[in-house]
Amino acid sequence: MNAVAEGKGAEAGSRQYLDRLRHSCAHVMAQAVQELYPGTKITIGPAIENGFYYDFDGPHQFTLEDLPKIEKRMRQIAEGNHPFSGAEQSYEQSRRYWQERGEGYKLELLEGIKQRGERITHYSHGAFTDLCRGGHVDSTKEIRHFKLLSVAGAYWRGDEKNAMLQRIYGTAWPTKGQLDDYLRMLEEAKARDHRKLGVALDLFSVQELAGPGLIFWHPKGGLMRMIMEDWLRAEALKRGYQMVYTPHIANVELWNTSGHRSFYKDNMFTEIEVEKGHYQLKPMNCPFHVLIYKSRLRSYRELPLRLAELGTVYRYERSGVLHGLLRVRGFTQDDAHIFCAREQIESEVSGCIDFALEVFKAFGFSRYALEVSTWDPAQRDVYIGEASDWERAQAALENVLKERGLPYELVPGEAAFYGPKIDVKLIDAIGRSWQLSTVQFDFNLPRKFELEYIAADGSRKTPLMVHRALYGSIERFFGILVEHYAGHFPLWLSPVQAKVLTLTAEQEAPARALEAKLKAAGLRCALDLRPEKIGAKIRDAQLEKIPYMVVLGPKDVAAGTLSVRLGDGRQFSGVTEAELLERLGGEVSRKLVASAWGKP
RNA sequence: GCCGGGAUAGCUCAACGGUAGAGCAAUCGCUUCGUAAGCGAUAGGUUGUGGGUUCGAAUCCCAUUCCCGGCUCCA
């Protein structure tokens with residue numbers, strides 16, 4: 001047996017070290033599980049984004065209650081200070097080893113390794129050995145700060161035709177501080193969960209009687225959505241988009257022409273029969289915008305033609321994947337399709353990126369990650385369209401980002417079959433990333449629908465089509481906003497911007513007058529006249545996450561000024577009505593979150 | 001769809017084979033009070049739904065709907 005050297009150049013805390021630590025932790029977990037639950041078969045146990053998992057198959061059905069026991073055993077193993085060591089094996093050696101132990105999944109993996117002609121290595125620590133390509137820490141004693149998090153089902157090799165395995169997830173970090181930070185982040189994420197806040201703030205609901213994945217926007221959520229839509233429409237018009245409306249269903253012939261009936265069939269709701277026609281709910285808006293384009297002969301002078309719509313689409317999603325507002329069956333896309341000439345693609349893509357950055361800024365996202373998904377030239381046949389168009393479009397996508405100095409990741413082979421794209425992942429307030437905005441080329445539909453325009457030289461040409469969505473889905477974007485702000489929305493989005501709280505019944509008249517003035521100034525204002533103590537009124541307003549609380553008591557009325565409390569608890573006294581109005585108005589127009597306002 | 005876990009008052013939860021309860025919210029009174037919960041009363045439930053076991057089911061069994069954690073997929 002030849003010892004295998006591990007590449008351990010990377011320093012502690014690096015991505016490589018984290019992966020090694022977590023993967024090592026997975027090995028230790030596999031050992032603990034096999035000791036505690038004899039007869040459990042091991043499969044694979046990789047490091048992932050923030051931790052690791054191991055998939056098992058066995059007679060014992062794992063539950064959350066098992067985790068502390070497994071953790072305890074893991075600690076004992078880790079403290080044993082067992083070095084990790086690897087050794088190359090012959091195929092025969094390895095096969096015998098796993099056969100003796102009845103580890104069928106390992107034998108299957110071994111066959112794969114053999115077929116690919118890769119080295120077969122076994123890695124061990126203490127009494128435990130795994131078929132593994134390596135990547136471990138030096139010793140189990142480095143594994144100290146970890147926690148098992150959850151149990152879940154997972155298909156062997158991710159294929160639903162295969163056996164369902166049991167997966168245990170965990171997280172591991174080099175220091176206690178990092179582990180605690182991560183666990184705190186998970187707690188924080190739980191507290192901000194848009195599904196919880198959606199109920200607490202009365203924003204939206206899902207109704208069992210209506211069906212899963214269908215969203216009911218309540219008055220407060222609906223108002224916020226309206227503000228988001230109005231703002232986006234106004235921005236779109238400024239940028240030369242033209243708003244359109246299209247139907248929610250269309251004859252199946254449309255979907256046959258577009259190709260959706262073949263490549264998107266599994267995600268479409270089934271047919272509705274009406275008289276002699278068959279119709280289907282739209283899963284995408286694209287073909288509708290294409291039909292508007294095609295409604296008459298187009299000239300190069302009209303290009304770029306930017307058609308935008310807040311288009312509601314319906315997609316059949318399998319019941320198990322639905323998730324609050326983030327994954328639903330009916331949702332509204334801020335969809336636009338830009339029809340342009342080849343020489344216009346760079347400026348159009350640039351305009352889309354510009355618009356996207358404006359959206360992020362407006363909603364307080366300062367961090368994002370960009371991905372350019374290109375084709376895999378080795379698989380030429382799976383893609384539609386001319387190679388020259390692909391190359392040109394991909395170059396345009398990259399050039400725009402380069403010119404702006406925006407860092408991006410190139411992901412070859414990730415393009416849709418109909419065109420390359422830029423995806424934007426937003427990073428929210430607690431560091432999680434969300435895929436939202438997308439700018440995609442579509443080489444399919446212009447061809448399928450035989451789109452054309454008359455060029456300057458009188459010839460007929462096929463336009464290029466760029467599909468772009470910035471919010472992506474209003475439902476999803478809204479859900480992310482709720483979590484990003486933890487329900488403390490900036491003033492321009494807050495359903496109730498200010499609430500006037502009276503101390504005693506004496507202040508009713510001045511409070512009503514103040515409310516009227518704020519409303520006249522276009523602010524969304526509420527009034528709390530209940531005969532409750534001020535502390536109770538403050539508490540209720542805080543729980544509603546109202547950004548401005550205006551307290552009106554006898555002293556304020558006598559002085560002719562107001563006492564203002566901000567959502568973050570800061571208080572200001574002696575504020576005049578004019579100051580309050582100016583402050584609120586300025587904050588709304590500049591889309592700021594409540595910030596410094598002199599000294600309390 | 002699949003694996004696992006759930007569903008009790010508007011919300012958060014208790015009761016786990018023997019008459020279904022609490023806090024908050026709601027309603028009605030009293031209290032007029034200075035920055036996160038004043039006091040009292042009232043009302044609110046075919047325990048998600050349908051079936052079964054049992055003298056007796058929120059509790060045990062089966063089916064079903066929806067929700068949650070994942071797999072897969074994605075806006």
Side-chain angles (χ1 to χ4, degrees), chain A residues 53 55 57 61-65 149-169 190 193 195-196 199-200 202 205-213 264 266-267 283-285 311-313 315-335 416 423-424 434-438 440 467 469-480 501-508 529-544 549-556 563-567 569-573 600:
Chain A
Y53 66 79
D55 284 347
D57 189 14
Q61 190 62 250
F62 293 105
T63 68
L64 241 38
E65 284 79 65
L149 298 173
S150 60
V151 182
Y155 298 106
W156 168 233
R157 296 189 151 168
D159 187 336
E160 65 185 42
K161 291 182 193 72
N162 289 339
M164 178 63 75
L165 306 173
Q166 298 187 67
R167 175 172 299 181
I168 299 179
Y169 281 96
K190 222 192 240 174
D193 191 315
R195 293 165 300 184
K196 263 191 190 161
V199 175
D202 198 14
S205 65
V206 178
Q207 300 289 331
E208 187 168 347
L209 189 58
Y264 212 68
D266 293 344
N267 278 89
M284 292 185 188
N285 301 297
T312 302
V313 297
R315 298 184 184 174
Y316 165 69
E317 298 285 356
R318 297 193 293 177
S319 53
V321 307
L322 300 172
H323 181 95
L325 292 175
L326 304 184
R327 188 78 181 272
V328 295
R329 283 186 175 159
F331 60 100
T332 301
Q333 296 180 302
D334 63 316
D335 215 352
D423 282 331
V424 188
W434 306 90
Q435 212 269 297
L436 287 160
S437 310
T438 180
Q440 319 180 277
H467 159 96
L470 305 180
Y471 291 155
S473 134
I474 296 182
E475 282 76 4
R476 178 179 286 181
F477 192 79
F478 181 73
I480 292 164
L501 314 176
T502 52
L503 226 72
T504 74
E506 301 288 306
Q507 292 86 46
E508 177 167 348
L529 295 172
R530 294 174 305 162
E532 291 287 347
K533 296 214 302 191
I534 194 65
K537 295 190 185 191
I538 292 283
R539 178 168 197 271
D540 290 343
Q542 289 283 167
L543 290 175
E544 280 180 82
M549 286 152 271
V550 184
V551 177
L552 212 48
K555 289 178 204 162
D556 303 290
S563 299
V564 177
R565 179 188 167 106
L566 268 45
R570 281 178 298 151
Q571 293 171 35
F572 304 87
S573 53

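What you see below is based on every heavy atom in this structure, not just the backbone, and it leaves out hydrogens, waters and symmetry mates.
- For the OP1/OP2 pair of B/G70 and a distance below 4.0 Å, the side-chain nitrogens and oxygens of A/Ser150 include no atom meeting the criterion.
- In this model, a side-chain donor or acceptor of A/Ser563 finds a partner on the base of B/G34 within 3.5 Å.
- A donor-acceptor pair shorter than 3.5 Å can be found between the side chains of A/Gln207 and A/Ser205.
- If you check distances only, the side chain of A/Gln440 never reaches the base of B/A75 with a donor-acceptor pair under 3.5 Å.
- In this model, a side-chain donor or acceptor of A/Tyr155 finds a partner on the base of B/G1 within 3.5 Å.
- A donor N or O paired with an acceptor N or O is not found under 3.5 Å between the base of B/C73 and the side-chain atoms of A/Arg315.
- In terms of phosphate contacts, A/Arg539 brings no side-chain nitrogen or oxygen within less than 4.0 Å of OP1 or OP2 of B/C24.
- Within the 4.5 Å cutoff, side-chain heavy atoms of A/Asp540 are placed close to those of A/Arg530.
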Please list, for nucleotides 41-49 of chain B, all pairs of protein and nucleotide N/O atoms separated by less than 3.5 Å.
none

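- The same atom, P, is picked in B/U65 and in B/U49; the two are 15 Å apart, to the nearest Å.
- If A/Gly535 and A/Arg195 are placed on RNA chain B by their nearest nucleotide, the residue sitting closer to the 5' end is A/Gly535.
- Put simply, A/His323 has a side-chain N or O that comes within less than 4.0 Å of OP1 or OP2 on B/G69.
- Comparing A/Tyr316 and A/Asp556 against RNA chain B, the residue whose closest nucleotide sits nearer the 5' end is A/Tyr316.
- For B/U72, its base sits under 3.5 Å from the side chain of A/Arg318 at one donor and acceptor pair at least.
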